[in-house]
Amino acid sequence: MNKTIYILLFLLSAGCMSLTAQNIKDETVEYTYIKLPSVPLDRSVKNYQSSITATYEAENDKKKAEYEAKKKVAEEDYKKEKVAYPKKVKAAEEQYDRDMEEWKKKSLGQKIVEKEMLGEHNKPVKVIPPEPRVAYVPDPELKTGYDYPVLCNTYLHLDGFENKEGDDVKIQVTLYGYDYTQPRQMSVQKDNTRYANGKTQAYKATYYYTEFSYRHPMAVKVITPDGKEILNLTPQELNTYKIYKTAESETPPQINQQMLIKTYEEKILQDNLTYINNLVNDKFAYQRTKRSTKLYYVKSKDDTYKDLLIAFNEATAGLKILIDDAANAKTKLQSAIQSWNTALQESDPKNKKARIDKDVTIAVCFNLLEGYFALGTMGNVDQVISTLNGLDLSSTERKKKEDYEALFNDFKKRVQTNK
């Protein structure tokens, strides 16, 4: 009887534990928000114009001109040679006829002596000069030119402004040209092991790979409608060589080097223009910025955490329409924030059986921080951070809190400069 009671009590206790244990779930949510500029332009500025120039185009033009000049000289020389060619042929034939007359005057004995004893075979040979050809002029080595207006329309935009003339801020990008080293095949020896004849054996293996370095330096200027230069920068990040390295293989790689070089020329051009566009937008634009985050809810078999599930769904829906339907998104996020704040009022981190225990408290705090950030408000951010500071966080949770602190510090600065 006592044993039966003990088992029943144990099962009852286990059942109570399963009811109070929190099953916290998270889902990744991606959304777009408007980032305020760190250096806002005058509010009267509504438009922008972008342009791209390349310093090497002048050198390209010089090489093209030299190439055309050499081709012209070669063509003129060819025409002169073509006019003179018949006379040269006639002169060669006449010379041959004279030489034959002289050769015929020699005696047979003299011819034999010259051929057999002196090793000379002096019978004249008719030598007709080759027909003239246009001299080959090698193509000049030019740096790649581009359709610069197309590049501007593709890569240089100032979010929140119209791309048209009239009281426009000017974004001027200068390209200094693709620079690279010739790809070279490299090898490295590594210690490997293999199993053979029931034993593990160590051996040296040679691995091959191809590598080369490349860069495409660029500079950017931003000029206000009244001619004031507010940015003049040659980012060091774009002046530093990057290294391309193929995967290592035990057989030497067969690579089309010219194709490899060209492929990475296109890649670094796109990457660097994107870098400059982000740099300019971060300073001066109302940039549409993509963000990936996590929102939390608690999964339960009953309605114990229905409020947090509803808040999660409302917030998720609000984030996804944050830009396209700002008013509706704001309503949904405010509703979620209200539910999360209400839940925090019953937070009891030291009680593992509490509905809002430590783990749920942490999840709700992170949800609140994301909600406030998406709404563009400080709300109760300081209080939420203070709550997290009072909890024993894991290293991952601590890093997440620090990331939010940095995010809101940057946000506060931008709000201050945009007043």
Please work out whether the ring planes of Tyr244 and Tyr264 are parallel, tilted or perpendicular, with thresholds of 30° and 60°.
tilted
Does the side chain of Tyr207 pick up a donor-acceptor pair with the side chain of Asn192 at under 3.5 Å?
yes
Ion pair Asp307/Arg355, N-O distance below 4.0 Å:
yes
Is the distance from the ring center of Tyr214 to that of Phe212 below 6.0 Å?
yes
Residues Asp357, Lys353: salt bridge by 4.0 Å N-O rule:
no
Taking only Lys NZ, Arg NE, NH1 and NH2, and the carboxylate oxygens of Asp or Glu, determine whether Glu402 and Arg398 approach each other closer than 4.0 Å.
no
Within a strict 4.5 Å, meaning less than it, do heavy atoms of the Phe408 and Tyr372 side chains meet?
yes
Given side chains that start at C-beta, do those of Thr316 and Leu295 come closer than 4.5 Å, heavy atoms only?
yes
Looking only at the aromatic ring of each residue, does the gap between the centers of Phe161 and Tyr48 stay below 6.0 angstrom?
no
Does the side chain of Glu59 come within less than 4.5 Å of Lys63's, by heavy atoms?
yes
Using a strict 4.0 Å threshold on nitrogen-to-oxygen distance, state whether Asp282 and Lys35 make a salt bridge.
yes
State, without any angle test, whether Asn367 and Tyr297 hold a side-chain donor-acceptor pair at a distance under 3.5 Å.
no
Note: Lys267-Asp271 ion pair, threshold 4.0 Å (strictly below):
yes
Heavy-atom side-chain proximity of Leu142 to Tyr56 below 4.5 angstrom
no
